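Single-structure report; data block below.
Computed from a predicted structure; not experimentally measured.
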Amino acid sequence: MPAERTREHTAPLAAARRRRLRADRARQLADLLRHLVLTGGFPGGALPHEDILAAEYEVSRNTVRHALDLLRAEQLVERLPGVGTVVVAEKYSHGLDRLMGLAETLREHGRVTNEVRTMGPVAAPAPVAERLRLPTGTDVLYVERLRKLNGLPLSLDLTYLPLDIGSELIGADLENTDVFRLLEQITGQPLGHAEITLEAVNADAHSATVLQAPRGTAVLMLERLTHLCDGRPVDLEFIRFRGDRIAMSGLLRRSL
């Protein structure tokens, strides 16, 4: 009897462990396939048959199906009747190891345009004034732009600039020109460095509407404070990227 009771208790645990292991393997496989999807690893955009993937990665066909379900949930692939699983979305690589404007970063992928939604002087909130090294309440130029790549919404940028520099942007061609390029023209000196923070946040109602994304969906939030080469901070940005259309990349070197 004790042995039977032990088997009764351990059997559900063993089944749960098998399910967990299958889920783990599916997630691992999805990571490998995602990389290939995003780097053009499937010529013509069609993934191999499930049996071929199962044999290549030494997993069960059910594991392959689970992995593909994960990629479908990310809207990267879709299953088409009579065709199979195909790539339906493309993410664009945004480098984090060089200080570049969005149009410079994505120039190989198409044309970046900017819809200026709001622009004008505002009293700098304390955190903004502090980071731009200005007295609290000093007027700064506030700019809100919806940025598109080949007509598709990509990011919502909220930007604060010192007014002595920002006022020169009023009337400039912000629809077709990166702010970085304009800042260098206005100041007569190159940009030097930027401090960045990258995190995932849930899209608020306003951001979701502007980006044409489901409300509450995760977006990549890039906070960036850019300095001129002389060290002066001149551009504080809060950028919300559609996570399904952008991938952050960079080259890191170990230094102890």
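Considering every non-hydrogen atom in both Leu211 and Pro153, the closest pair reads O-CB, 3.6 Å. In plain terms, the two heavy atoms of Phe42 and Leu36 that are nearest each other are CE1-CB, 3.6 Å. When all heavy atoms are compared, the tightest approach of Asp235 to Leu132 is N-CD2, 4.0 Å. A pairwise comparison of heavy atoms in Ser249 and Ser93 identifies OG-OG, 2.7 Å as the closest pair. Nearest heavy atoms, Thr105 versus Met100: OG1-CB, 3.6 Å. Nearest approach of Leu198 to Leu96, heavy atoms of both residues: CD2-CD1, 4.2 Å.
Applying the ring pair (Phe, Tyr, Trp, His ring centres under 6.0 Å) test to residues at least two apart or on different chains, the pairs with a partner in residues 135-174 are Tyr142-Tyr160.
In this structure, Val122 is a member of the same hydrophobic cluster as Leu158, with clusters built from ILVMFWY side-chain heavy atoms closer than 4.5 Å. Leu163 and Met119 fall within a single hydrophobic cluster, where Ile, Leu, Val, Met, Phe, Trp and Tyr side chains are chained together by heavy-atom contacts under 4.5 Å. In terms of hydrophobic clustering, with Ile, Leu, Val, Met, Phe, Trp and Tyr side chains grouped at heavy-atom distances under 4.5 Å, Val116 and Ile170 are assigned to a common cluster. Under the 4.5 Å side-chain contact rule for hydrophobic residues, Val128 and Leu134 share a cluster. Hydrophobic clustering of Ile, Leu, Val, Met, Phe, Trp and Tyr side chains at less than 4.5 Å, counting indirect connections, unites Leu32 with Val37.
Leu47 places a side-chain heavy atom less than 4.5 Å from the side chain of Val87. Counting heavy atoms from C-beta outward, Arg224 and Ile239 have side chains that approach closer than 4.5 Å. Inter-residue side-chain proximity for Val219 and Phe241 is flagged as unmet; no heavy-atom pair is nearer than 4.5 Å. Annotation: side chain of Asn202 is not in contact with side chain of Thr217 (no heavy-atom distance under 4.5 Å). Between Arg240 and His206 the shortest side-chain heavy-atom distance does not fall below 4.5 Å. Using a 4.5 Å heavy-atom cutoff, the side chains of Val64 and His66 are not in contact. At least one side-chain heavy atom of Arg245 sits less than 4.5 Å from a side-chain heavy atom of Leu152. Looking at His49 and Arg61, their side chains come closer than 4.5 Å, going by heavy atoms from C-beta outward.
Between Glu115 and Arg147 there is no salt bridge, since no side-chain nitrogen of the basic residue lies less than 4.0 Å from a carboxylate oxygen of the acidic one. Remark: Arg79 engages Glu50 in a salt bridge, criterion side-chain N to carboxylate O under 4.0 Å. Taking the charged nitrogens against the carboxylate oxygens, Arg242 and Asp244 do have a contact shorter than 4.0 Å, which makes a salt bridge. Ionic pairing of Arg145 and Glu175 is not present here: no N-O contact between side-chain nitrogen and carboxylate oxygen is shorter than 4.0 angstrom. A salt bridge links Arg27 with Asp24; the closest basic N to acidic carboxylate O contact falls under 4.0 Å.
A donor-acceptor pair is defined here as one N or O able to donate and one able to accept, closer than 3.5 Å; no such pair exists between the side chain of Thr63 and the backbone of Val59. Glu184 contributes a side-chain N or O that, together with a main-chain N or O of Leu191, makes up a donor-acceptor pair within less than 3.5 Å. A donor-acceptor pair under 3.5 Å is formed between the side chain of Thr138 and the backbone N or O of Pro135.
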Show, in sequence, the C-alpha distance, side-chain angles and deciding distance for Leu161 and Val143, and conclude whether the side-chain contact (heavy atoms from CB on, under 4.5 Å) test is met. CA-CA 8 Å; Leu161 306 107; Val143 185; 4.3 Å; yes
Let me see the working for Arg232 and Asp164 under salt bridge (charged side-chain N to carboxylate O under 4.0 Å, His left out), right down to the final yes or no. CA-CA 13 Å; Arg232 181 188 177 187; Asp164 63 313; 2.9 Å; yes
Tell me, with the steps shown, if Thr159 and Asp157 meet side chain to side chain donor-acceptor pair (under 3.5 Å). CA-CA 6 Å; Thr159 305; Asp157 297 15; 5.5 Å; no
Test side-chain contact (heavy atoms from CB on, under 4.5 Å) applied to Ser207 and Val210, step by step: CA-CA 5 Å; Ser207 299; Val210 174; 5.9 Å; no
side-chain contact (heavy atoms from CB on, under 4.5 Å) between Lys148 and Val112, worked out: CA-CA 6 Å; Lys148 300 178 181 180; Val112 172; over 6 Å; no
Evaluate Glu223 against Ile196 for side-chain contact (heavy atoms from CB on, under 4.5 Å), listing each step before the verdict. CA-CA 6 Å; Glu223 181 181 329; Ile196 65 171; over 6 Å; no
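How far CG of Leu33 is from CG of Leu53: 6.0 Å, rounded to the nearest 0.5 Å. Between atom CG of residue Leu154 and atom NE2 of residue His94 there is a gap of 8.5 Å, rounded to the nearest 0.5 Å. Interatomic distance, Ile165 CD1 to Leu228 CG, rounded to the nearest 0.5 Å: 5.5 Å. Between atom CG of residue Asn114 and atom CG of residue Leu102 there is a gap of 7.5 Å, rounded to the nearest 0.5 Å. To the nearest 0.5 Å, the span separating CG on Leu225 from CZ on Arg131 amounts to 5.0 Å. Here the straight-line distance linking atom NE2 of His193 with atom NE2 of His227 works out to 3.5 Å at 0.5 Å rounding.
Surrounding CD of Glu104 are more than 12 heavy atoms belonging to other residues, nucleotides or ligands, all under 6.0 Å away. Heavy-atom neighbours of Arg181 CZ from other residues, nucleotides or ligands within 6.0 Å: at or below the threshold of 12.
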